[in-house]
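Heads up, the thing below is written out as structure tokens.
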2 protein chains.
Amino acid sequence: MTIANPSTSDDLGSAAQRERRKRILDATYDLAKSGGFDAVQMRAVAERADVALGTLYRYFPSKIHLLVSALGRQFDEASARLGEREIPGDTQAERVLYVLKRMARGMQGDPKLTEALTRAFMFADSSVTNEIHVVGMAMTSIVTHAMHGGVPDEGALTDEDVAIARVIGDVWLSALVAWVTGRSTAAETAAHMETAVGLILRD
Amino acid sequence: MTIANPSTSDDLGSAAQRERRKRILDATYDLAKSGGFDAVQMRAVAERADVALGTLYRYFPSKIHLLVSALGRQFDEASARLGEREIPGDTQAERVLYVLKRMARGMQGDPKLTEALTRAFMFADSSVTNEIHVVGMAMTSIVTHAMHGGVPDEGALTDEDVAIARVIGDVWLSALVAWVTGRSTAAETAAHMETAVGLILRD
DNA sequence: GCATAATTTGGAACACGTTCCACTACGTTT
DNA sequence: AAACGTAGTGGAACGTGTTCCAAATTATGC
């Protein structure tokens with residue numbers, strides 16, 4: 001018996017499988033967008049994606065895997081969009097804040113979606129390492145890209161740059177959780193990020 | 001009809017109620033310590049605390065409230081223990097790292113417990129704001145105490161000190177989540193915290 | 001085109017968080 | 001001491017994530 005795992009194996013399977021996978025992620029996205037974490041119910045996802053429950057679980061072994069995969073797709077897209085353009089701002093801090101604010105705006109426009117994806121990310125255990133890694137890389141790449149002003153000069157990426165980007169990503173994540181769970185407002189979150197970036201990126 | 005809520009009301013109720021509350025938190029602690037988040041099952045907590053399931057829910061309206069309250073008790077104790085002593089180290093960075101490492105050691109000694117409490121903390125929504133606040137304050141107070149060298153000179157606590165402490169707390173939390181969920185090792189976590197504190201607390 | 005393997009389906013079943021209810025025990029007021 | 005209200009008990013029941021299975025469907029090798 002071949003053990004196929006369409007969600008993590010490198011080869012993406014047949015066209016029909018790729019199509020199913022996309023339908024599932026789209027359904028997840030829609031449900032998350034309209035009702036948040038709680039609305040992403042496995043039976044509902046399966047029904048909307050027009051697959052059986054068992055099939056859904058074959059593609060994504062848990063609700064968390066499913067949501068984190070959807071988050072990964074989001075971040076990849078955001079990262080690609082931002083990668084195309086120059087980032088305005090004269091200092092690293094300004095550019096990073098520009099990008100973070102931009103992302104924050106996007107997320108605030110879809111609070112339910114953001115809540116669902118963030119919750120899943122925070123709840124993920126080690127079985128979701130691969131999917132998490134995708135998100136972490138995208139986050140780091142977004143921040144380093146902003147630090148370097150949007151010029152794709154990858155040679156200039158030092159270890160310290162990456163370390164800094166990871167620290168900023170950490171603060172961003174904590175702030176996001178606080179916002180998503182209603183413990184802080186969007187304005188407080190923005191102010192907090194300014195403080196943090198100001199501290200970390202003193203030029 | 002008086003609406004009693006023994007878990008959040010300021011007055012802690014009768015001695016019997018305080019006793020029940022303690023038994024419940026102790027049971028939570030024991031179960032979390034031996035089996036982590038999944039082992040803290042409401043029926044199991046109720047049974048071990050010798051309380052009916054309905055009573056458990058009267059004291060703590062959800063599993064998350066329960067675990068976050070237990071976490072709050074932990075942090076309060078840690079904060080009190082640390083508050084008594086002078087913190088060794090010549091610079092703010094050294095002292096903060098000393099304290100963080102100390103806490104990390106404690107947490108690594110009880111990985112299951114740490115996993116349960118951290119998971120709950122990250123999953124909490126706005127209905128848990130009060131309990132979360134207790135934890136946040138304890139964390140901030142631990143870090144600022146370390147920054148000031150352990151001398152209880154509260155007058156010196158500036159807004160910036162608090163902001164810095166919060167940023168460090170954010171990084172610490174993200175690192176903790178990564179460690180708890182098996183995405184990074186204890187050593188990586190420690191190194192990451194050194195980087196972050198070094199960046200944030202350049203004297 | 002057939003035989004065989006792999007995948008998908010539909011749905012039952014289970015686990016655990018949560019809710020609800022009827023009943024009992026207890027402490028307070030009078 | 002009697003009546004009343006509040007808290008606690010025991011247990012059934014419900015919702016949703018997850019698992020499992022037999023039957024149907026689809027893909028693959030010959």
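To find a chain, count down the sequence lines: A is the first, B the second, and so on, and within it residues start at 1.
- Mapping L53(A) and L56(A) onto DNA chain C via the closest heavy atom, the residue that lands nearer the 5' end is L56(A).
- What separates CD of Q41(B) from P of dA15(C) is a distance of 10 Å, to the nearest Å.
- If you take CD of E19(A) and P of dT26(D), they are 15 Å apart, rounded to a whole angstrom.
- At a threshold of 4.5 Å between non-hydrogen side-chain atoms, the residues L25(B) and Q74(B) do not count as touching.
- Residue R18(A) contributes atom CZ, which lies 16 Å from atom P of dT7(C) at whole-angstrom precision.
- Ionic pairing of R95(A) and E86(A) is not present here: no N-O contact between side-chain nitrogen and carboxylate oxygen is shorter than 4.0 angstrom.
- Atom-to-atom, OH of Y59(A) to P of dT8(C) comes out at 4 Å; the value is rounded to the nearest Å.
- For R43(A) and dT18(D), a side-chain-to-base donor-acceptor distance below 3.5 Å is present, hydrogens and geometry of angles not being considered.
- Both cation-pi conditions hold for K63(B) and F37(B): the charged atom is under 6.0 angstrom from the six-membered ring centre and inside a 45 degree cone around its axis.
- Regarding E47(B), its CD atom lies at a distance of 13 Å from the P atom of dC16(C), rounded to whole Å.
- The nearest heavy atom of DNA chain D to G54(A) and to M42(A) marks one nucleotide each, and the one closer to the 5' end goes with M42(A).
- The separation between Q17(A) atom CD and dT7(C) atom P is 7 Å, rounded to whole Å.
- Between R58(A) atom CZ and dC20(D) atom P the separation is 14 Å, expressed in whole Å.
- Looking at the side chain of S62(B), the nearest of the listed nucleotides dT9(D), dT18(C), dT9(C) is dT18(C).
- Residue V45(B) is out of contact with every strand shown, counting any heavy-atom pair closer than 4.0 Å.
- Comparing atom distances between the K63(A) side chain and each of dT8(C), dG17(D), dT9(D) picks out dG17(D) as nearest.
- Nearest nucleotide to the side chain of Y57(B), out of dT9(D), dG17(D), dT18(C): dT18(C).
- A salt bridge is absent between E47(A) and R43(A): the closest approach of a Lys/Arg side-chain nitrogen to an acidic carboxylate oxygen does not fall below 4.0 angstrom.
- A straight line from CG of L66(A) to P of dT18(D) spans 10 Å, rounded to a whole angstrom.
- Not one side-chain nitrogen or oxygen of T55(B) sits closer than 4.0 Å to the OP1 or OP2 atom of dA7(D).
- Under the 4.5 Å side-chain criterion, counting only non-hydrogen atoms from C-beta, R18(B) is not in contact with R21(B).
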